[in-house]
Number of protein chains: 2
Amino acid sequence: MPRTNRTRFALLGFLTQGPKTGYDLRKVFEERTSHFWSESLGQVYPTLRRLYEEGLVVREVQKQDARPDRIVYSITEEGHAELVLWIAQPSKPQPVRNEQLLKLFFASPEHAPALSNDLRRHLDRYRAQLDRFHSFENQIPQLAPTEARNQMWRLTLSLGQRILAARVGWCEEAIPVLDAISKETES
Amino acid sequence: MPRTNRTRFALLGFLTQGPKTGYDLRKVFEERTSHFWSESLGQVYPTLRRLYEEGLVVREVQKQDARPDRIVYSITEEGHAELVLWIAQPSKPQPVRNEQLLKLFFASPEHAPALSNDLRRHLDRYRAQLDRFHSFENQIPQLAPTEARNQMWRLTLSLGQRILAARVGWCEEAIPVLDAISKETES
DNA sequence: CGCCGCATGTAAGAGGTTACATGATTCG
DNA sequence: CGAATCATGTAACCTCTTACATGCGGCG
């Protein structure tokens, strides 16, 4: 059994929140789940088509002139059933791969400056991500269909924040260490 | 440019710490980098062979009876150069995918019990991982070739610990929330 | 006048996981 | 006597990313 295709479920999941086009879906991944799930465009359209062929979604083509037609997908009963089945299954531990740490692990002292710079750049990204968290957090009360759902969404944010905080804290620990190594090596 | 093959560098990196067989390498990934890097067996042997064909490693076959011959790989000058080049390059943000959070995001209240159980299982894994951290941490002083390397290895552990702590803390937050949702739904 | 947003996709090509295959030895 | 360790690999399979392709309209 090869690993299971999770893109299917990610798409189905968002379609439970209303009909959407491929374009909508790609946006929604960026805005709402970028801290724990990303999808590349090249995966969205082919997978949507496959879901359609399997009857897990239906589609409605809306003609537009001056623009490509919108193809709006909606989830079916069967799609819902498949999604629910997947959610209920225990999730297996996923392979872990952190390229940055791998580099650090094999680095020599003379790489310290480059690594330090790299970390600084990443720190900036983390801060940008924190902003996105806040904007989504504020939207939850309006978006959440039920109180339980509201709480669950908050939990997904919470882990994101905790991990982000861990990374930020680590960068703040690591940068001075690397800078100190840089200085030693210079002299 | 398709995504770059990081397995190559992971293998080269460990070979800087002395000649090793494919089998050794797979073990070393488990023991030392399991908190930030994993390799599957099906990737190790083919990649080693490719590195050999490209002249980045050399090999020595040690005959054994009653067992398959050991094929011991050592890194070459060229391999070293390639590794160093890779380390110096800034690392790009990697796609993030957390299946567990994805499920939580799409879950309905009636899934709360299953999700809660799942989290409990993961908590156990986290604790086991913490143990592995400690055992490696204790080995660092003997294993580290230089003081700077020693500090870098400590940093990789530090991020692992911080993230693990974040996850544990989150589980402890999330389990009661999910259990509360379970109770509400029952009644 | 150029870039961004809307809107669809395809093609190429890794990269990576899982399962299969084999077989002796040692340890509990 | 069965499981784990040593030791090599292959086959199947697909998931996923990157880059390419097209084209209008609006905003600054």
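Every chain is numbered from 1 and lettered A, B, ... according to where its sequence line falls, protein lines coming before strand lines.
Of all heavy-atom pairs spanning B:Leu12 and B:Leu56, the tightest one is CD2-O, 4.0 Å.
The nearest whole Å value for the distance from the CD atom in A:Gln64 to the P atom in C:dT8 is 8 Å. Atom OH of B:Tyr45 is separated from atom P of D:dC6 by 11 Å (rounded to the nearest Å). What separates OH of A:Tyr52 from C1' of C:dT8 is a distance of 16 Å, to the nearest Å. Taking atom CG on B:Leu41 and atom P on C:dT18, their separation rounds to 11 Å, with Å as the unit. Put simply, CG on A:Leu48 is 11 Å from P on C:dT10, counting in whole angstrom units. A straight line from CH2 of A:Trp37 to C1' of D:dC16 spans 11 Å, rounded to a whole angstrom. Regarding B:Arg59, its CZ atom lies at a distance of 12 Å from the C1' atom of D:dG9, rounded to whole Å. Between A:Arg97 atom CZ and C:dA14 atom P the separation is 17 Å, expressed in whole Å.
Side-chain rings of B:Phe14 and A:Phe105 approach one another, their centers coming within less than 6.0 Å.
Nearest to the side-chain atoms of B:Gln43 among the listed nucleotides C:dT17, D:dT17, C:dT8 stands C:dT17. In this structure, of D:dT5, C:dT17, C:dT8, it is C:dT17 that holds the atom nearest to the side chain of B:Ser40. Distances from the side chain of A:Tyr23 to the nucleotides C:dG9, C:dG23, C:dG5 place C:dG5 closest. Nearest nucleotide to the B:Arg49 side chain, out of D:dT10, D:dT8, C:dA7: D:dT10. Listed nucleotides: C:dA7, D:dT15, C:dT10. Nearest to the side chain of A:Asn5: D:dT15. Nearest to the side-chain atoms of A:Arg70 among the listed nucleotides C:dG16, C:dA7, D:dC16 stands C:dA7. Picking from C:dG15, C:dG16, C:dT17 the nucleotide with the shortest atom distance to the side chain of B:Arg50 gives C:dG15.
The shortest distance between the side-chain N/O atoms of B:Thr21 and the OP1/OP2 oxygens of D:dT8 is below 4.0 Å. At C:dG16, one or more side-chain N or O atoms of B:Thr7 fall inside 4.0 Å of OP1 or OP2 (strictly under the cut-off).
Looking at B:Thr7 and B:Glu39, their side chains do bring a donor and an acceptor atom within 3.5 Å of each other. Between the side chains of A:Thr21 and A:Asp24, at least one donor N or O lies within less than 3.5 Å of an accepting N or O. Residues B:Arg154 and B:Ser158 have side chains that never bring a donor and an acceptor to within less than 3.5 angstrom of each other.
Among the heavy atoms of the strands, none lies under 4.0 Å from B:Glu39. Among the heavy atoms of the strands, none lies under 4.0 Å from A:Arg26. Nucleic acid contact class of A:Arg8 (heavy atoms, under 4.0 Å, all strands): none.
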